[in-house]
Number of protein chains: 2
Amino acid sequence: MPRDHFLSMVGSQLKGQSQESHGQQSQDSRDEILKAATQLFANRGFHETSMSEVAREARVSKALIFWHFKTKEELFLAVLNRLLEPYFIDFAEESRMLDERHQILRLVEFYLLFVRDHANSVRFFLAQMLREQRLSEGLGEQIMRLYSGYRNMLVELISRAQHRGVCASGFTPEDAAGFILSALNGLMIEFLFMPRATMNPESAVSMVDQWLFHASEREATEAVKAEH
Amino acid sequence: MPRDHFLSMVGSQLKGQSQESHGQQSQDSRDEILKAATQLFANRGFHETSMSEVAREARVSKALIFWHFKTKEELFLAVLNRLLEPYFIDFAEESRMLDERHQILRLVEFYLLFVRDHANSVRFFLAQMLREQRLSEGLGEQIMRLYSGYRNMLVELISRAQHRGVCASGFTPEDAAGFILSALNGLMIEFLFMPRATMNPESAVSMVDQWLFHASEREATEAVKAEH
DNA sequence: AGGATGCCTAACCTATCGGTCAAGGTTTAA
DNA sequence: TTAAACCTTGACCGATAGGTTAGGCATCCT
C-alpha cells in the first residue's frame with residue numbers, strides 16, 4: 001500500500017525563494033548572511049533585527065545583503081525556509097518495517113524529541129504565527145500542512161490497528177488522534193514555558209501505549225527500547 | 001479553612017506603574033492613550049508599534065503621551081497591566097458553596113471559557129513570552145504565579161476529593177492536575193491556531209468528570225449545568 | 001586586449017524612530 | 001488678580017531604519 005512520503009515535501013516550499021544556481025564565490029557569502037540572519041531573526045524576531053546588524057554579524061557590507069536579497073522581507077523568507085528544513089522528514093521511509101503499534105509509539109516519541117531538539121525554532125515559529133500574520137501566511141499554511149500530515153498518519157495507523165483488533169476501539173481514530181495531539185501540545189507548552197520542565201518522552205509514549213494498547217508499564221517501556 | 005483569594009492579587013502588579021491620582025482632565029486623555037496603545041500593541045507587538053501611531057489612534061499629540069508616560073516602555077508596561085486585569089479573579093469567592101467535584105469542573109470550564117473569551121490577549125501574552133524576554137520578565141513571573149496558583153487549586157481540590165473518597169485515586173493529585181493542565185493547554189493551542197476549532201468546553205468538562213469521578217456522560221453534562 | 005558580467009564596498013539618501021523643548025491655554029487657590 | 005500647577009501642542013533633535021548608487025576588482029569569454 002504505497003502511500004509513501006507522508007511528510008516528505010521538501011520541495012515546493014515558501015513562495016518567494018527560488019534561488020537559481022549562482023557562482024560558487026557568491027554562495028559562500030550568501031550562506032554567511034543566511035547563517036547570521038537566521039541566528040538574529042530567531043533570537044529577536046523580524047522587526048527587532050536590523051539589516052546593519054545582520055551585515056555586521058555576517059562580516060559583510062550591508063549592500064551585499066541587498067544584492068543577494070532584494071528586500072529585508074525576502075531575506076526573512078529565506079531564513080524561514082532554512083529553519084523549516086528539518087521539519088520535513090520522510091517518516092514513512094524509516095518506519096516501514098514496524099507494526100502499527102510501534103509506528104504510533106515512534107510517531108509520538110518523534111514529536112516530543114523534535115520539540116525538545118528544536119525548541120528554539122519551534123518557539124520562533126509559534127511566536128511568528130501568533131504575531132505578524134502578514135509575513136507568516138505562507139509559513140502558517142506550510143506548518144498546518146505538516147501538522148495535518150502528522151495527524152493523518154496517526155489517524156490512519158490507529159484505524160489500521162483497530163481493524164486488526166490490536167488496539168482499543170471505544171473511540172474513533174480521529175478522536176484518538178485529536179486527544180493524543182492535544183496531550184502532545186500540552187507537553188510542548190509546558191516544555192517551552194517552564195524552564196525546569198523535564199519533558200520525558202518515554203513516559204508519554206508509555207502512557208499512550210497503555211491507553212491505546214492496554215500494555216502494562218513494563219511492556220510499554222520495552223516497546224520503546226525495541227525500536228532502536 | 002480560610003485559604004482565601006487564591007487568584008485575587010490585583011494589587012502588586014507589574015513594576016513601574018504606580019500611577020498617582022492625577023486631576024480629572026488628564027485621566028481622560030490618559031485612558032484614550034491606553035486604549036489606543038492596548039489595541040495597537042496587542043495586534044502588532046511592541047517593536048512594530050510606533051508612538052506616532054499611538055498618538056494618531058488616540059487623537060492626541062505625541063508629546064502628550066510622553067507627558068503621561070516617561071518612555072515607550074513605561075507605556076507598554078501600563079498596557080500589560082491593563083490587559084492582565086481580567087486574569088485576576090477571585091475564584092475562591094465565587095465557588096465557596098460548591099463541593100470539590102463541582103469546583104474542579106467549574107475550574108476546568110473557567111480555563112477554557114477564559115481562553116475563548118480573551119483569545120486576543122492570551123495570544124498576545126503567549127507571543128510576548130516566547131519572544132522579548134527583556135520586556136517580559138515581570139510579565140512572565142506574573143503569569144507563572146497565576147498558572148501555579150491555578151494548578152495549586154486543582155491539586156488541593158483533587159486531594160480533598162480523594163480523601164473524601166469521591167474521586168479516583170490511582171494517581172497523585174499533582175499528576176492528575178498536571179495531566180489536566182496539559183490537556184487544557186493542548187486544547188488552547190488547537191483553539192488559538194486552528195481557525196475553525198470549536199473548542200467545546202462542555203465536552204472537556206465532561207471528560208474530566210468521567211475520568212476523575214467516573215461519572216456517566218449524562219451525569220457529567222448535568223453537573224455542568226447545575227453550577228448555574 | 002578588452003568589454004561584459006559577477007561580487008563586493010563606502011558613501012549616501014530619505015523616512016521614521018523615540019524623545020525633548022519652549023511655549024500657550026486652563027484650572028486652582030491665595 | 002495673579003502666580004503656581006496642570007494639561008496640551010507643534011516644532012524640533014540626533015540616531016537609525018531600510019534601501020540605493022557609483023564604482024572597484026576580479027574572472028571569463030572572444
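Scope of the values below: all heavy atoms of this structure, side chains included, with no hydrogens, waters or symmetry mates. Just so it is clear: chains get the letters A, B, ... in the order the sequence lines come, proteins before strands, and each one is counted from 1.
- Between A/F124 and A/F41, the ring centre distance reaches or exceeds 6.0 Å.
- The interatomic distance linking A/R59 (CZ) with C/dT9 (C1') rounds to 17 Å, in whole Å.
- The aromatic ring centroids of B/F125 and B/Y87 lie less than 6.0 Å from each other.
- Closest approach to the B/L64 side chain among D/dT9, D/dA17, C/dC7 is made by D/dT9 (side chain taken as heavy atoms from C-beta onward).
- Taking atom NE2 of residue A/H68 and atom P of nucleotide C/dC7, one finds them 7 Å apart after rounding to whole Å.
- Ranking D/dT8, C/dG18, C/dT9 by closeness to the A/V60 side chain, first place goes to C/dT9.
- Taking side-chain N and O atoms only, B/S29 has a distance below 4.0 Å to OP1 or OP2 of D/dT8.
- As rounded to whole Å, 15 Å separates atom P of C/dG18 from atom CD of B/E74.
- Here D/dT8 is the nucleotide among D/dT8, C/dT20, C/dC17 with the atom lying nearest to any side-chain atom of B/W67.
- Atom CZ of B/R30 and atom P of D/dC6 are 15 Å apart (whole Å).
- If you find the closest nucleotide of DNA chain D to B/A63 and to A/K62, the one lying nearer the 5' end belongs to B/A63.
- Taking atom CD1 of B/I33 as the reference point, atom P of C/dG18 lies 14 Å away to the nearest angstrom.
- B/L112 has its side chain out of reach of B/M188: every pair of non-hydrogen atoms, C-beta onward, lies at least 4.5 Å apart.
- Residue B/S52 places none of its side-chain N or O atoms closer than 4.0 Å to OP1 or OP2 of C/dT16.
- Inter-residue side-chain proximity for A/M194 and B/Y147 is flagged as met; some heavy-atom pair is nearer than 4.5 Å.
- Following rounding to the nearest Å, A/M51 (CE) and C/dA10 (P) show an atom-to-atom distance of 17 Å.
- Between the CD1 atom of B/I65 and the P atom of D/dG10 there is a distance of 13 Å, rounded to whole Å.
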Item checked: salt bridge (charged side-chain N to carboxylate O under 4.0 Å, His left out) evaluation trace for B/R44 with B/E53 -> CA-CA 11 Å; B/R44 307 190 205 184; B/E53 281 177 296; 2.4 Å; yes
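- Rounded to whole Å, atom C1' of D/dC7 lies 14 Å from atom CZ of B/F69.
- Counting atom types as modelled, B/K72 pairs no side-chain N or O with a base atom of C/dG19 as donor and acceptor under 3.5 Å.
- Taking side-chain N and O atoms only, B/S61 has no distance below 4.0 Å to OP1 or OP2 of D/dG10.
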